[in-house]
Amino acid sequence: MSLVGKLFPNVAIDAMSEMGDDLKINVFEEALNNQQKVILFWYPKDFTFVCPTELHAFQEALPEFQKRNTIVIGASCDTNEVHFAWLNTPKDNGGIEGVTYPILADTHRQLANILGIVDQDLDYDEEGNEVYTGSNVTYRATYLIDETGKVFHESVNDMPLGRNVKEYLRLIDAYTHVQKHGEVCPANWEEGKEAMNANRTGVAEYFSKN
(Lines give C-alpha, C1' and ligand atoms only; values in the text may rest on other atoms or scores of the structure.)
Protein backbone atom coordinates (compact mmCIF):
# COMPACT_ATOMS: atom_id res chain seq x y z
CA MET A 1 0.00 0.00 0.00
CA SER A 2 1.39 3.38 -0.99
CA LEU A 3 2.09 6.01 1.67
CA VAL A 4 2.15 8.91 -0.79
CA GLY A 5 -0.19 11.64 0.45
CA LYS A 6 -0.31 10.07 3.92
CA LEU A 7 1.59 10.82 7.12
CA PHE A 8 4.76 8.81 7.68
CA PRO A 9 4.46 6.25 10.54
CA ASN A 10 4.99 7.85 13.95
CA VAL A 11 7.52 5.33 15.30
CA ALA A 12 10.85 5.77 17.12
CA ILE A 13 13.65 3.43 15.97
CA ASP A 14 17.17 2.78 17.25
CA ALA A 15 19.88 4.55 15.27
CA MET A 16 23.63 5.12 15.21
CA SER A 17 25.46 8.43 14.84
CA GLU A 18 28.82 8.89 13.14
CA MET A 19 30.37 9.33 16.61
CA GLY A 20 29.08 6.01 17.88
CA ASP A 21 26.18 7.42 19.89
CA ASP A 22 23.11 5.22 20.30
CA LEU A 23 20.07 7.25 19.24
CA LYS A 24 16.31 6.93 18.97
CA ILE A 25 14.95 8.60 15.83
CA ASN A 26 11.32 9.19 14.93
CA VAL A 27 11.38 10.22 11.26
CA PHE A 28 7.91 11.75 11.45
CA GLU A 29 8.89 13.93 14.42
CA GLU A 30 12.18 14.91 12.79
CA ALA A 31 10.22 16.44 9.92
CA LEU A 32 7.49 18.00 12.04
CA ASN A 33 9.54 19.33 14.95
CA ASN A 34 12.41 20.67 12.85
CA GLN A 35 10.16 21.95 10.05
CA GLN A 36 12.41 20.26 7.51
CA LYS A 37 11.97 17.77 4.73
CA VAL A 38 13.43 14.30 5.24
CA ILE A 39 14.85 11.80 2.80
CA LEU A 40 14.87 8.32 4.34
CA PHE A 41 16.61 5.69 2.26
CA TRP A 42 16.70 2.01 3.10
CA TYR A 43 19.42 -0.35 1.91
CA PRO A 44 19.64 -4.14 2.35
CA LYS A 45 22.70 -4.75 4.51
CA ASP A 46 25.95 -3.39 5.91
CA PHE A 47 29.25 -4.73 4.54
CA THR A 48 27.80 -5.50 1.13
CA PHE A 49 28.53 -4.13 -2.33
CA VAL A 50 26.06 -1.71 -3.92
CA CYS A 51 25.14 -0.35 -0.48
CA PRO A 52 28.38 1.54 0.32
CA THR A 53 28.32 3.24 -3.08
CA GLU A 54 24.88 4.61 -2.22
CA LEU A 55 25.78 5.74 1.29
CA HIS A 56 28.82 7.61 -0.03
CA ALA A 57 26.73 9.13 -2.85
CA PHE A 58 24.23 10.51 -0.33
CA GLN A 59 27.13 11.81 1.77
CA GLU A 60 28.64 13.60 -1.24
CA ALA A 61 25.25 15.21 -1.92
CA LEU A 62 24.66 16.13 1.73
CA PRO A 63 25.43 19.86 1.21
CA GLU A 64 22.84 19.95 -1.59
CA PHE A 65 20.20 18.38 0.65
CA GLN A 66 21.08 20.81 3.44
CA LYS A 67 20.63 23.74 1.03
CA ARG A 68 17.12 22.40 0.46
CA ASN A 69 16.35 22.24 4.21
CA THR A 70 16.34 18.43 4.00
CA ILE A 71 17.56 15.90 6.58
CA VAL A 72 19.24 12.73 5.26
CA ILE A 73 18.69 9.47 7.17
CA GLY A 74 19.87 6.01 6.12
CA ALA A 75 18.30 2.77 7.34
CA SER A 76 18.74 -0.97 7.39
CA CYS A 77 17.95 -3.89 9.70
CA ASP A 78 21.54 -4.24 10.96
CA THR A 79 22.39 -3.53 14.59
CA ASN A 80 23.94 -0.33 15.92
CA GLU A 81 27.15 -2.24 16.61
CA VAL A 82 27.43 -3.40 12.99
CA HIS A 83 26.65 0.12 11.77
CA PHE A 84 29.45 1.50 13.95
CA ALA A 85 31.91 -1.10 12.71
CA TRP A 86 31.05 -0.20 9.11
CA LEU A 87 31.37 3.51 9.88
CA ASN A 88 34.90 2.78 11.06
CA THR A 89 35.85 0.79 7.95
CA PRO A 90 37.74 2.80 5.29
CA LYS A 91 36.07 3.49 1.97
CA ASP A 92 38.81 1.70 0.03
CA ASN A 93 38.01 -1.42 2.05
CA GLY A 94 34.27 -1.29 1.30
CA GLY A 95 33.38 0.74 4.39
CA ILE A 96 31.46 3.96 4.96
CA GLU A 97 34.02 5.91 6.94
CA GLY A 98 33.23 9.61 6.45
CA VAL A 99 29.44 9.23 6.42
CA THR A 100 28.00 11.79 8.87
CA TYR A 101 24.21 11.38 8.74
CA PRO A 102 22.45 8.96 11.15
CA ILE A 103 21.52 5.41 10.20
CA LEU A 104 18.47 3.62 11.59
CA ALA A 105 19.05 0.17 13.08
CA ASP A 106 15.62 -1.44 12.67
CA THR A 107 16.76 -4.81 13.97
CA HIS A 108 13.22 -5.89 14.92
CA ARG A 109 11.99 -4.78 11.48
CA GLN A 110 9.27 -2.80 13.22
CA LEU A 111 9.24 0.13 10.80
CA ALA A 112 10.34 -1.91 7.77
CA ASN A 113 7.37 -4.26 8.21
CA ILE A 114 4.95 -1.34 8.60
CA LEU A 115 6.30 -0.01 5.30
CA GLY A 116 6.09 -3.45 3.68
CA ILE A 117 9.64 -3.36 2.28
CA VAL A 118 11.13 -6.56 3.76
CA ASP A 119 12.05 -9.38 1.36
CA GLN A 120 10.19 -12.13 3.18
CA ASP A 121 7.33 -14.49 2.37
CA LEU A 122 5.42 -16.74 4.73
CA ASP A 123 4.15 -20.16 3.66
CA TYR A 124 3.19 -23.39 5.41
CA ASP A 125 4.52 -26.91 5.03
CA GLU A 126 2.41 -30.08 4.88
CA GLU A 127 2.26 -30.22 8.69
CA GLY A 128 1.03 -26.62 8.92
CA ASN A 129 4.31 -25.25 10.22
CA GLU A 130 5.32 -21.73 9.22
CA VAL A 131 8.05 -21.59 6.58
CA TYR A 132 9.75 -18.29 5.81
CA THR A 133 11.54 -17.57 2.56
CA GLY A 134 13.45 -14.54 1.33
CA SER A 135 16.51 -12.67 2.52
CA ASN A 136 14.73 -10.97 5.46
CA VAL A 137 16.38 -7.65 4.61
CA THR A 138 14.85 -4.58 3.00
CA TYR A 139 14.70 -3.54 -0.61
CA ARG A 140 16.17 -0.16 -1.62
CA ALA A 141 13.15 1.89 -0.56
CA THR A 142 13.21 5.69 -0.51
CA TYR A 143 10.78 8.11 1.14
CA LEU A 144 10.58 11.89 0.77
CA ILE A 145 8.67 13.49 3.64
CA ASP A 146 7.60 17.13 3.91
CA GLU A 147 7.56 19.50 6.88
CA THR A 148 4.15 18.25 8.00
CA GLY A 149 5.28 14.61 8.07
CA LYS A 150 3.47 13.78 4.81
CA VAL A 151 5.08 11.45 2.27
CA PHE A 152 5.33 13.11 -1.15
CA HIS A 153 7.43 10.46 -2.88
CA GLU A 154 8.23 6.80 -2.39
CA SER A 155 10.08 4.34 -4.57
CA VAL A 156 11.42 0.81 -4.18
CA ASN A 157 14.33 -0.68 -6.12
CA ASP A 158 15.24 -4.33 -6.23
CA MET A 159 18.49 -5.06 -4.43
CA PRO A 160 20.92 -5.04 -7.38
CA LEU A 161 19.76 -1.58 -8.55
CA GLY A 162 21.54 1.44 -7.08
CA ARG A 163 19.73 4.77 -6.86
CA ASN A 164 20.31 8.06 -8.67
CA VAL A 165 20.73 10.62 -5.88
CA LYS A 166 20.28 13.56 -8.26
CA GLU A 167 16.71 12.48 -8.97
CA TYR A 168 15.77 12.96 -5.31
CA LEU A 169 17.24 16.46 -5.36
CA ARG A 170 15.12 17.17 -8.46
CA LEU A 171 11.99 15.85 -6.77
CA ILE A 172 12.62 17.98 -3.68
CA ASP A 173 13.10 21.04 -5.92
CA ALA A 174 9.86 20.27 -7.75
CA TYR A 175 7.84 19.76 -4.57
CA THR A 176 9.27 22.95 -3.05
CA HIS A 177 8.28 24.84 -6.22
CA VAL A 178 4.73 23.51 -5.88
CA GLN A 179 4.66 24.55 -2.21
CA LYS A 180 5.88 28.07 -2.96
CA HIS A 181 4.12 28.88 -6.21
CA GLY A 182 1.09 26.59 -6.43
CA GLU A 183 2.11 25.55 -9.94
CA VAL A 184 2.62 21.97 -11.08
CA CYS A 185 5.84 20.60 -12.55
CA PRO A 186 5.71 18.86 -15.96
CA ALA A 187 7.79 15.90 -17.12
CA ASN A 188 11.56 16.33 -16.79
CA TRP A 189 11.13 19.61 -14.91
CA GLU A 190 14.27 20.97 -13.26
CA GLU A 191 14.95 24.04 -11.14
CA GLY A 192 14.89 27.13 -13.35
CA LYS A 193 12.61 25.61 -15.97
CA GLU A 194 9.03 26.69 -16.60
CA ALA A 195 6.24 25.12 -14.58
CA MET A 196 2.54 25.48 -15.36
CA ASN A 197 -0.90 26.11 -13.94
CA ALA A 198 -2.99 23.00 -13.35
CA ASN A 199 -5.72 23.74 -15.86
CA ARG A 200 -6.39 23.52 -19.62
CA THR A 201 -5.03 27.01 -20.25
CA GLY A 202 -1.88 26.21 -18.32
CA VAL A 203 -1.07 23.06 -20.25
CA ALA A 204 -1.90 24.74 -23.57
CA GLU A 205 0.43 27.63 -22.78
CA TYR A 206 3.15 25.22 -21.69
CA PHE A 207 2.95 23.17 -24.91
CA SER A 208 2.92 26.33 -27.02
CA LYS A 209 6.31 27.25 -25.58
CA ASN A 210 7.88 23.80 -25.31
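Worth saying up front: this structure is predicted, and the values here are computed from it rather than measured.
- Remark: Ser76 OG to Met16 CE distance equals 11.5 Å, nearest 0.5 Å.
- Put simply, CG on Leu161 and CD on Glu54 are 9.5 Å apart, with the number rounded to the nearest 0.5 Å.
- Note: the hydrophobic cluster containing Tyr175 does not contain Val184 (ILVMFWY, side chain heavy atoms under 4.5 Å, direct or indirect links).
- Not a single donor-acceptor pair under 3.5 Å links the side chain of Arg140 to the backbone N or O of Val156.
- With rounding to the nearest 0.5 Å, the separation of CZ in Arg163 from OG in Ser155 is 7.0 Å.
- Using a distance-only test at 3.5 Å, with no hydrogens or angles considered, a donor-acceptor pair links the side chain of Gln35 to the main chain of Glu147.
- Gln36 and Thr70 share no donor-acceptor pair across their side chains, judged by distance under 3.5 Å alone.
- Put simply, CG on Asn164 and CZ on Arg170 are 10.0 Å apart, with the number rounded to the nearest 0.5 Å.
- Put simply, Phe49 and Phe47 are part of two different groups of oily side chains (I, L, V, M, F, W, Y) that touch within less than 4.5 Å, one to the next.
- Counting only distance, with no hydrogens or angles, the side chain of Asn80 and the backbone of Ala15 share a donor-acceptor pair below 3.5 Å.
- For the residue pair Asn157 and Tyr139, no side-chain donor N or O sits within less than 3.5 Å of a side-chain acceptor on the partner.
- Taken together through direct or relayed side-chain contacts under 4.5 Å among Ile, Leu, Val, Met, Phe, Trp and Tyr, Tyr43 and Val27 form parts of separate hydrophobic clusters.
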- Message: Working note: Ile96 + Gln59, criterion side-chain contact (heavy atoms from CB on, under 4.5 Å); need CA distance, chi angles, decisive distance, verdict.
- Response: CA-CA 10 Å; Ile96 58 167; Gln59 179 65 34; over 6 Å; no

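- Once rounded to the nearest 0.5 Å, the distance linking CG of Asp78 with CG of Asp106 reads 10.5 Å.
- Side-chain contact check for Asn26 and Asn10: at least one donor-acceptor pair (N or O, by modelled atom type) lies under 3.5 Å.
- No donor-acceptor distance shorter than 3.5 angstrom exists from the side chain of Asn93 to the backbone of Thr89, with no hydrogens or angles considered.
- Counting only N and O atoms by type, the side chains of Glu154 and Ser2 include a donor and acceptor under 3.5 Å apart.
- In the model, Arg68 has no side-chain atom that pairs as donor or acceptor with a side-chain atom of Thr176 under 3.5 Å.
- Judged purely by distance below 3.5 Å, without hydrogens or angles, the side chains of Gln179 and Lys37 pair a donor atom with an acceptor atom.
- No side-chain donor from either of Tyr124 and Asn129 sits under 3.5 Å from a side-chain acceptor of the other.
- To the nearest 0.5 Å, the span separating CG on Asp22 from CG on Asp14 amounts to 7.5 Å.
- Here the rule is ring pair (Phe, Tyr, Trp, His ring centres under 6.0 Å) with Phe41, and of Tyr143, Tyr168, Phe65, Tyr101 only Tyr101 fits it.
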**OP:** Evaluate the criterion side-chain contact (heavy atoms from CB on, under 4.5 Å) for residue pair Phe152 and Val4; output intermediate values, then yes/no.
**Re:** CA-CA 5 Å; Phe152 64 92; Val4 172; 5.8 Å; no

| request: Could you check Leu111 against Phe8 for side-chain contact (heavy atoms from CB on, under 4.5 Å), going step by step and ending with a plain yes or no? | output: CA-CA 10 Å; Leu111 180 54; Phe8 193 80; 4.1 Å; yes

